[in-house]
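Single-structure report; data block below.
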Amino acid sequence: MNRVPEKPSLDGLEDKWAATWESAGVYRFDRTRPRAEVFAIDTPPPTVSGSLHVGHVFSYTHTDTVARFWRMRGLAVFYPIGWDDNGLATERRVQNFTGVRCDPRLPHDPDFKAPFAGDVPKDHRAVAVSRPNFVELCFDVTALDERAFEALFRKLGLSFDWSLLYTTIGAESRRVSQRAFLRNLARGEAYQQDAPTLYDIDERTAVAQAEMEDRETPGAYHKLAFHRTDGSGDIEIDTTRPELLPSCVALVAHPEDERYKPLFGTTVRTPLFEVEVPILAHRLADPAKGTGIAMICTFGDITDVTWWRELDLPSRALIGFDGRFAAECPAWIATEAGRTRYAGIAGLAPKQAQKKVVELLAESGEMIGAPRPISHPVKYYERGSRPLEIVATRQWYIRNGGRNDELRAKLVARGGELTWHPPYMQHRYDNWVGGLAGDWLISRQRWFGVPIPVWYRLDEHGATIYDGPMVPTEDRLPVDPSTDCPTGYAEDQRGKPGGFIGDPDVMDTWATSSLTPQIAGQWEDDPDLFGRVFPMDVRPQAHDIIRTWLFATVVRSHHEHGCAPWKNAALSGWILDPDRKKMSKSKGNVVTPMHLLEQYGADAVRYWSASGRPGTDTAFDEGQMKIGRKLSIKILNASRFALGLGDPAAGASVTEPLDRAMLVRLADLVDEATAAFEGFDYARSLERTEAFFWRFTDDYLELVKHRAYGGHGEVAADSAKLGLRLALETLLGLFAPILPYVTEEVWSWWREGSVHRSAWPDAAKIRAAAGAGQAEGLELAAVVLGEIRRAKTEAKRGLAVEVESVVVVDTAERLAVLDGVQRDVCDAGKVRSLRAEVGEARVDVVLVAD
RNA sequence: AGGCGGAUAGCUCAGCGGUAGAGCGGCGCGUUUACACCGCGUUGGUCGCAGGUUCGAAUCCUGUUCCGCCUACCA
């Protein structure tokens, strides 16, 4: 059966085969298979906040090659895909795309239409919309983005089972997320606390430690004079945040610092605001920093929080949820001068307040010298533009070992249960878990997310009673406490004294995406399915989100299931631009992938991706894509040659030494490629297969060509045809995970079904066909052929020119091997006579005269 | 400041104890019935630096310099 086209082409293969695979269900998960026969992948759901970039193509291809390998090995591959479309990134996308902002105080407008669709003018001021309207827009815009995501992933040839598609904002995800939260709550792993938290004043939400990053930021030391209340002079302190002076609650120095030891227990008056504060001792005060004595403000940084807690200080926080200083002068500023000065900064943002305070200090003479500019690391929300503030608020947390060493040790051990690819990535995990400073803050003061499924009772005055929140039964999930009622209450009691109120917050995106194994596996909704896929075999992801997604998933699995969520963690590197910088949207150096797929073809782009070794950052390189395209074309043409020779006779076998030698090497290749894939090393498998393939086409095909055409009779020709077919079948199999389109195309010329459902190549079967083949035969023939080619090239003659004679000098042993392949060498080189001599290795070539 | 990676041909990278490799690029040759979206040949390197172990080191050990990343560092 031969359906070899006259002029094979790569054009159009993506659309043709993607459609066929979908309609034939080639990648459908077989849920009847027991756990031992399943390979389950916890695919990262990409964040829906615009478009996918070439980095996604890179890492998703890696996982896809592994999925395809295990599928060919006969496992039922559970390979879901989801869209992470809840959370702040999505909200931002929607704001930027439609030109609106959410104002939850507004009423729902049923006729509202978005003012823009991706074409928001630069000078546009965002239109305020109600929360329900905003959420509707979020659904609309994400649906649009998700269609584009799907088109790209399908074209790239990712072998997802699209029937398993989920979204993190979908009802199923909300149910899983809320159920997991409620179980955390019931077991005491989730709790509420009113405490200082990291707070982004632009997004107006609390953020978690994992979402925080340091940025080198310009600042300045200001030296301030605090006045001793016993009148014996001033204490000088250095601060980068003089605007926090009205929140000062104490000064602190190291307990062993001789300079300040005598002052502990005495008090000073703050500059400008004239508040009396104590001088205290604490080990975290660094005698080498600034003047060695610091002012404690509520709250300038995390150390302030520690001091506040450990020294039992009052809270004098002034920066509110809007990021501005309180409008009213606080009671602790008692003097008239102090209150007048505070009026000057009331309502200002931190930066403006600092400017004003510095002015006031200059006027009062309480600043010593000019500010000394410095550059120092400051904490930002990773998506934020202004430094984080610390604001005392009530928030929800999930225990993650940050405040409990026993739990911390258990979670480190869970990380140790995983097999990490590459192994050194585990250090990142250990490093992060070891350095956690607090529990995981999961509540966000946002709108498009999974609601925290609790209600609070209101007392007879309408005040919220936070103790003993009311929770829904699991059969009611998912709920939205802003529209659903707690059991035993009616809607008209919402917000009324003696009634109830819903928790207004949503959970952070990670609090839901940390449950992707449970979401994809339909935990509790389909226990049969869940039992067949959990714990999963592998979590593939990029290494920059080990501290967030990977760790959070381990935390949830540990709490809920008492085990690690997967067996393996496979970490992809980043794509670097030609200047070796990470490609990211914020740097503006991203390359959009669709045009690459159209220009080079999906297989070529996958080839480039698969040449990036696991965990290794890789340069964006269109040159590699060109090579991948060349390789794909070569596969088409070589296949056309092998299959165009016609079918071998029934009962024929591989008899020729050259053919057997090639098969011996091919079997070795299968062993190597298999071992590489078993260790998730798709890159090594590709490299070895490709190296073999080029030698196969350059040397073996040329050596065998004349004989295969029938130059030495049917038996010798059939040996070649059989060898070629076995090699072709094997090479198509080895290439199939990397180059799914071209391999499927060639497969369809002569085989039934999909190559992607065929069995992974079997080295034993190839060795059986090779019989007593001597592997060196192929190399030896290639070496002699190479010498012949060189002689022709150096003589500036064409390769078609005939060779008068060749003398091969080598050991008797090798000459015996050469003897078996000599006829093929002479055919390929157009050699009239070849003589062998024992001696020091050498090849002499004499061409026929011009 | 700790930790982890990397440093090999002009470029991208493989090799990780036994005579320095591939592809791309450069140069030259060639239309041979799979392939001009081609083929063939060829040119490229004190394997970051300095010590050490070894018969033998790109490969192991120690130190060191650059580059990247992760943690920590906000008075």
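Remember, predicted model here, so these are calculated numbers, not experimental data. Protein chains get the first letters and strands the later ones, always in sequence-line order, with residue 1 at the start of each.
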[N] pairs with, by Watson-Crick or G-U criteria that keep both distances under 3.5 Å:
N	answer
B:C11	B:G23
B:G56	none
B:G63	B:C49
B:C35	none
B:A72	none
B:G44	none

Of the nucleotides [options], which has the atom closest to the [X] side chain?
X	options	result
A:D214	B:C73, B:G28, B:U71	B:C73
A:I633	B:C73, B:C37, B:C40	B:C37
A:E702	B:C74, B:C35, B:G15	B:C35
A:T240	B:C74, B:C69, B:G15	B:C74
A:D301	B:G39, B:C74, B:C35	B:C74
A:T793	B:C73, B:G41, B:A14	B:G41

In whole angstrom, what separates [X]'s [atom1] from [N]'s [atom2]?
X	N	atom1	atom2	result
A:D617	B:U12	CG	P	14 Å
A:Y424	B:G68	OH	C1'	11 Å
A:D621	B:G25	CG	P	11 Å
A:E6	B:C35	CD	C1'	13 Å
A:Q209	B:A72	CD	P	6 Å
A:E794	B:U42	CD	P	7 Å
A:I546	B:U71	CD1	P	10 Å
A:R695	B:A22	CZ	P	11 Å

Could you work out the separation of [N] and [M] based on their [atom1] atoms and round it to a whole Å?
N	M	atom1	answer
B:G23	B:U42	C1'	15 Å
B:G15	B:A57	C1'	14 Å
B:U8	B:A14	P	10 Å
B:C49	B:U31	P	46 Å
B:U53	B:C11	P	34 Å
B:G26	B:G18	P	34 Å
B:A9	B:G44	P	14 Å
B:C74	B:C67	C1'	27 Å

task: Specify the residue among A:R684 and A:R789 whose closest nucleotide of RNA chain B lies further upstream toward the 5′ end.
output: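 Here A:R684 is the residue nearer the 5' end.
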message: If you assign A:L785 and A:K830 each to the RNA chain B nucleotide with the nearest heavy atom, which residue ends up on the more 5' nucleotide?
response: A:K830
- request: Report the glycosidic orientation of B:G44: syn if within 90° of 0, anti in every other case.
  value: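 Syn, which is what one calls it when the glycosidic angle falls within 90° of 0.
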field: Geometric cation-pi criterion, A:R3 with A:W749: 6.0 Å, 45°
entry: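 Because its charged atom misses either the 6.0 Å distance or the 45° angle limit, A:R3 does not stack over A:W749.
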message: Check whether A:Y600 forms a cation-pi arrangement with A:R629 (NZ or CZ under 6.0 Å from the six-membered ring centre, at most 45° off the ring normal).
response: no
Using a cut-off of 4.0 Å on non-hydrogen atoms, how would the nucleic acid contact of [X] be classed: base, sugar-phosphate, or nothing?
X	result
A:A691	nothing
A:L799	base
A:K705	base
A:D698	sugar-phosphate
A:G798	sugar-phosphate
A:R613	sugar-phosphate
A:T697	base
A:A294	base
A:L10	nothing
A:K7	sugar-phosphate
A:R640	sugar-phosphate

When you check the phosphate oxygens OP1 and OP2 of [N], does a side-chain N or O of [X] lie under 4.0 Å from one of them?
X	N	result
A:K634	B:G39	yes
A:Q599	B:C37	no
A:K630	B:C35	no
A:R797	B:C29	no
A:R790	B:U42	yes
A:K792	B:G39	no

- request: Mark yes or no for a side-chain to base donor-acceptor pair under 3.5 Å between A:D544 and B:C70, with no hydrogen or angle criteria applied.
  value: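 Per atom types, no contact qualifies.
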task: Look at atom NZ of A:K261 and say whether more than 12 heavy atoms of other residues, nucleotides or ligands are closer to it than 6.0 Å.
output: yes
query: So with a 6.0 Å cut-off around CD of A:E216, is the heavy-atom count from everything else above 12?
result: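 Count over threshold, so yes.
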- request: Identify whether the distance between the nearest side-chain nitrogen and carboxylate oxygen of A:D647 and A:K721 falls below 4.0 Å.
  value: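 No, A:D647 and A:K721 are not salt-bridged.
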- request: Flag the pair A:E794 and A:R789 as a salt bridge only when some basic side-chain nitrogen lies within less than 4.0 angstrom of an acidic carboxylate oxygen.
  value: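 Judged by the 4.0 Å cut-off on N to carboxylate O distance, A:E794 and A:R789 do not form a salt bridge.
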query: In residues 426-435 of chain A, which ones come under 4.0 Å of RNA chain B, going by heavy atoms?
result: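 RNA chain B contact set from residues 426-435 of chain A: A:H427, A:R428, A:N431, A:W432.
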query: Are A:W420 and A:Y429 close enough that their ring centres sit under 6.0 Å apart?
result: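 Yes - the distance between ring centres of A:W420 and A:Y429 falls below the 6.0 Å cut-off.
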message: Can you confirm whether the side chains of A:S632 and A:Y607 place a donor and an acceptor under 3.5 Å from each other?
response: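 There is no such pair between these side chains.
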- prompt: Any side-chain donor paired with an acceptor under 3.5 Å for A:D200 and A:Y380?
  reply: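 Looking only at side-chain atoms, A:Y380 and A:D200 do not form any donor-acceptor pair under 3.5 Å.
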field: Derivation and outcome, ring-ring contact (aromatic ring centres under 6.0 Å, His included), residues A:W608 and A:F58
entry: CA-CA 8 Å; A:W608 161 72; A:F58 182 70; 5.5 Å; yes
- request: Give the ring-plane orientation class for A:H543 versus A:W574, where under 30° counts as parallel, over 60° as perpendicular and anything between as tilted.
  value: tilted
query: Say you draw a straight line from CD of A:E840 to CG of A:D810; how long is it, rounded to the nearest 0.5 Å?
result: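 Going from CD on A:E840 over to CG on A:D810, the span is 10.0 Å.
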